Each structure stands twice: as C-alpha cells, then as structure tokens.
Number of protein chains: 2
Amino acid sequence: MFEVFFSQVKDKVLLSEAEQKLVKTFFSPKKIRKKQYLLQEGNICRHLAFVEKGLLRSYNVDEKGVEHMIHFAWEGWWMADMLSFLSDEPSTYHIDAIEEAELLLISQTDFEKMLLKVPVMERYFRILFQNNIISKERRLISSITNSAEEKFLHLSATNPALIKRIPQQLVASYLGITPETLSRIKKKLAKGSSKT
Amino acid sequence: MFEVFFSQVKDKVLLSEAEQKLVKTFFSPKKIRKKQYLLQEGNICRHLAFVEKGLLRSYNVDEKGVEHMIHFAWEGWWMADMLSFLSDEPSTYHIDAIEEAELLLISQTDFEKMLLKVPVMERYFRILFQNNIISKERRLISSITNSAEEKFLHLSATNPALIKRIPQQLVASYLGITPETLSRIKKKLAKGSSKT
DNA sequence: GCTAGGTCTTGAGAAAGGTTAAGAAATCAA
DNA sequence: TTGATTTCTTAACCTTTCTCAAGACCTAGC
C-alpha cells in the first residue's frame with residue numbers, strides 16, 4: 001500500500017527504517033469509486049490525500065454552474081484544498097475521483113504531529129511545496145501571457161501525460177478555455193502538422 | 001537592518017536569541033536604486049532577497065518585447081526566481097526595483113546551510129511556501145475563471161495595497177490584461193458607483 | 001445489435017478584449 | 001516654469017474567444 005508513497009518520499013529525502021515505520025502510523029488507506037466525492041464545497045478539508053493508484057480532480061463551481069478544474073492528481077501526487085486544510089475554513093472546492101482510486105490520508109493534527117516527530121518530513125514537505133510553487137508559477141505565467149492555442153501547446157510540452165489521461169473537456173477547463181475552443185485548436189494543429 | 005525580517009519570521013515560528021544571531025550571519029545587506037537590476041534574464045538567481053524597505057518586481061519579456069509582471073515584493077516579502085535559485089538553471093525573469101530598496105540576501109549554499117543548522121527556519125520556509133501556494137492558487141483561479149473586470153475587482157478586494165502602490169500599467173500586466181482595458185474598466189466602475 | 005448518455009465537433013453570430021493611434025495629464029529635471 | 005518624458009485615457013476598428021445550437025461519434029448496458 002505504501003510502495004508509491006515511499007518511492008516518492010525517498011526521491012526527495014533520506015528515510016531510515018524506523019522513520020518509515022513511524023510515518024506509516026499517521027496515515028490511513030482509503031478507496032474511492034469513480035465520481036465519488038472526497039471533499040465537497042462547504043466542508044472543511046480534514047486530510048491530505050496521497051494517490052497510490054487512480055485519478056482525482058479538484059474544481060470549483062461558479063455562479064453560473066460552470067466547473068473550473070484546479071488540479072489533477074494521479075499515482076504519486078498529493079491532493080487537498082491546502083487553504084481549507086491549513087486554516088480550517090470551509091472549502092470552496094470539490095474533490096472527486098475521475099478514476100477509481102486508492103489513497104493514503106493524513107489528518108490535520110497527524111500532519112502537524114508527523115512533522116514534529118519526523119523532522120525529515122518537514123524537509124520533504126518544504127521541498128514538495130517549493131516544487132509546487134514553481135509549477136504553479138509556470139501555469140500562471142502561461143495563463144496570463146499566452147493565447148488559448150499557446151496555452152494548449154505549453155501544456156502539451158510540459159505535461160503530455162495530462163492531456164492523454166484527462167478527458168478533453170476537463171483539459172479545456174484546466175486551461176481556462178471552452179471545450180469548443182480546444183476542439184477547434186486541436187483541429188487546426190492537426191491540419192498544420194500532417195501534410196500527407 | 002533586520003527589524004522587518006525578524007518581525008516577519010517571528011510571526012510564523014519561535015526563534016531564540018542564539019538562533020537569531022546565527023541566522024543573521026547567513027545574510028548580507030544590499031541597497032539598490034530605482035530601475036536597478038537585481039537579476040537579469042539568462043543569469044542564475046543566486047540569492048533569495050528579503051525586502052526590508054522599498055519595492056521590487058519580477059517579470060519576463062515575451063518575443064514581442066512585452067513585459068509580463070510575475071510578482072511584486074515590498075517590506076516584509078521575499079523575492080527570487082525560485083526555479084533558477086533551486087535548480088541552478090538560467091532565469092527567464094528580470095528582477096528590478098520599482099522603488100529604491102534595502103534588501104537582505106542569502107545565497108543558495110547559505111540557504112541550505114541555514115536550514116540544516118537552524119531547523120526552525122526549515123519550518124519557517126515550509127509555512128512560507130504553504131502560504132505562497134495558497135495565494136498563487138487564488139491568483140491562478142481568478143486568472144482562469146474571471147473576466148478582466150472580475151479579475152480587477154478580485155485583486156482590489158484581496159490586495160488593495162498593491163493597486164495603490166503599483167503603477168497602473170504594471171497592475172494591468174500583473175492581471176494579464178492591457179493598460180487600455182484596465183483604464184476602461186476603472187472608468188466604467190467609477191461611473192457605476194458614483195451617482196451624485 | 002440497439003439505444004441512451006455522455007463526449008466531441010462544427011458553424012454562425014455575439015461579446016470581450018486587443019491594437020493602433022492620438023491626445024490629456026501627471027511627473028521630473030533643468 | 002517650462003519643456004521633456006512618461007503614464008493614463010479615449011476612440012475606432014479588428015481579432016480572438018465565447019455562446020448557443022445542432023449533429024456526429026463513441027461506449028456501456030440491455
């Protein structure tokens with residue numbers, strides 16, 4: 001159950017056998033089905049979720065009822081509404097499963113406990129957050145500076161796996177464009193590249 | 001010189017006198033004039049900069065020569081290209097001073113040393129990065145989901161100080177819209193609210 | 001194999017925002 | 001204080017993207 005988890009953690013920090021054992025005790029496994037909620041808007045995000053298997057998404061819904069994709073997380077990634085998790089405020093997000101998933105959950109208090117008892121995990125999360133900042137910044141810059149077509153090309157270049165695995169309408173939402181626009185862009189790009 | 005710095009750090013973690021003394025040794029002060037560069041595109045970002053006084057901006061320049069604002073940092077904020085700083089890759093950003101500034105700089109190696117010697121600073125940066133993730137996420141969501149007018153209103157609500165202190169064309173760039181559009185939006189909002 | 005539900009594509013018209021250009025206002029230095 | 005420089009505003013026109021609507025495609029369950 002912890003295979004993906006520890007391979008991820010060991011990518012970033014060194015962990016003794018004893019520390020591993022201790023870390024394990026803070027997590028509890030959970031399976032969720034396709035379309036099942038892990039978190040609904042208005043509730044407090046009480047856990048960080050690590051994805052051992054499957055695929056989650058987080059999104060919010062605007063006044064017009066339109067969903068806006070915020071994140072996707074598959075094997076090896078974390079998922080949560082960090083704001084709600086850290087501040088104890090009701091979340092403005094939904095989190096649910098796009099594909100059936102196996103998760104490792106850690107609660108707010110256990111998270112704090114773990115960081116204090118296993119300082120190397122404090123380091124792990126500092127590094128994780130660093131990387132997260134960098135990737136968010138890239139996405140933000142692309143969102144601010146690029147046209148719809150450029151945004152799609154940028155995503156194709158930086159995260160081709162996402163485009164393969166995520167349904168197209170959700171990719172469009174993630175890019176902040178409409179499904180129709182994305183469809184047209186793909187058509188145009190296909191035409192331009194294949195000169196049979 | 002360290003007044004703003006320690007008041008900031010103590011906001012997030014507890015620091016003993018000895019730790020404070022030790023932390024100080026890793027930083028060096030630097031003053032820069034208005035319009036002076038702290039980092040230019042193509043160079044490696046070798047320092048994190050803490051702003052004791054003044055105002056910095058980071059931005060990139062696209063193929064057409066248009067500047068896109070990424071961040072602003074004034075008293076109490078950090079500034080760097082985290083990607084370049086952490087990965088040792090050449091930066092794609094420029095950083096310069098909008099207002100004359102007094103900074104505290106810490107190098108890459110000193111940063112790593114400090115975190116290892118003063119674990120509470122590891123914690124400080126984990127918390128700092130957490131908060132950064134949350135605010136970046138908010139900006140990203142606003143950028144993806146909102147119209148130009150809504151983006152401006154969102155920024156006015158969440159960060160009025162920014163709008164007051166930053167020249168308007170730079171605010172427009174920060175929002176990913178043109179100065180002309182921002183000017184039109186402000187006119188429209190002023191008209192709507194003042195019914196004399 | 002057939003049908004229901006979802007997903008993707010396509011087209012026409014509308015709206016938002018960008019571009020270009022010119023002038024007004026504010027700022028700064030001589 | 002006055003000319004020079006920069007910033008902000010305004011207007012006409014143009015491009016991109018969205019909206020709405022219809023039809024094609026695809027897949028799962030019967």
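All values reported here derive from a predicted model rather than from experimental measurement. Within every chain, numbering begins at 1; the chains are lettered A, B, ... in the order of the sequence lines, protein sequences first and strands thereafter.
- Using a cutoff of 4.0 Å between basic side-chain nitrogens and carboxylate oxygens, A:Asp88 and A:Arg46 are scored as salt-bridged.
- The shortest distance between side-chain heavy atoms of B:Leu38 and B:His94 does not fall below 4.5 Å.
- Whole-Å rounding puts the A:His68 NE2 to D:dC18 C1' distance at 13 Å.
- The shortest distance between the side-chain N/O atoms of A:Thr181 and the OP1/OP2 oxygens of D:dC18 is below 4.0 Å.
- To the nearest angstrom, C1' of D:dT7 lies 14 Å from CD1 of B:Ile98.
- Backbone-only engagement by A:Ile177 is indicated by non-hydrogen atom pairs under 4.0 Å involving sugar-phosphate atoms exclusively.
- The base of D:dC20 sits with one of its N or O atoms less than 3.5 Å from a complementary donor or acceptor on the side chain of A:Glu180.
- Between B:Ala148 and A:Leu170, the residue anchored closer to the 5' end of DNA chain C is A:Leu170, taking for each the nucleotide with the nearest heavy atom.
- When rounded to the nearest whole Å, the span between CG of B:Leu182 and C1' of D:dT9 equals 11 Å.
- Straight-line distance from the CZ atom of A:Arg184 to the C1' atom of C:dG11: 8 Å, rounded to whole Å.
- Distance A:Gln169 CD to D:dT19 P: 15 Å, rounded to the nearest Å.
- Salt bridge annotation for A:Lys186-A:Glu180: absent, with no cationic side-chain nitrogen under 4.0 angstrom from a carboxylate oxygen.
- Between A:Glu67 atom CD and C:dG6 atom C1' there is a gap of 14 Å when expressed in whole angstrom units.
- The side chain of B:Ser147 sits closest to C:dG17 out of C:dG17, C:dT9, C:dT7.
- Straight-line distance from the NZ atom of B:Lys35 to the C1' atom of C:dT27: 11 Å, rounded to whole Å.
- Applying the 4.0 Å criterion to OP1 and OP2 of C:dG18, one finds that B:Thr178 has a side-chain N or O inside that range.
- As rounded to whole Å, 14 Å separates atom P of C:dG17 from atom CZ of B:Phe152.
- In terms of position along DNA chain C, the nucleotide closest to A:Gln168 lies nearer the 5' end than the nucleotide closest to the other residue of the pair A:Gln168 and B:Glu149.
- For the residue pair B:Thr109 and B:Glu112, no side-chain donor N or O sits within less than 3.5 Å of a side-chain acceptor on the partner.
- Between D:dT17 and A:Lys188, no contact under 4.0 Å exists linking OP1 or OP2 to a side-chain N or O.
- A ring-centre distance under 6.0 Å is found for A:Phe72 and A:Tyr174.
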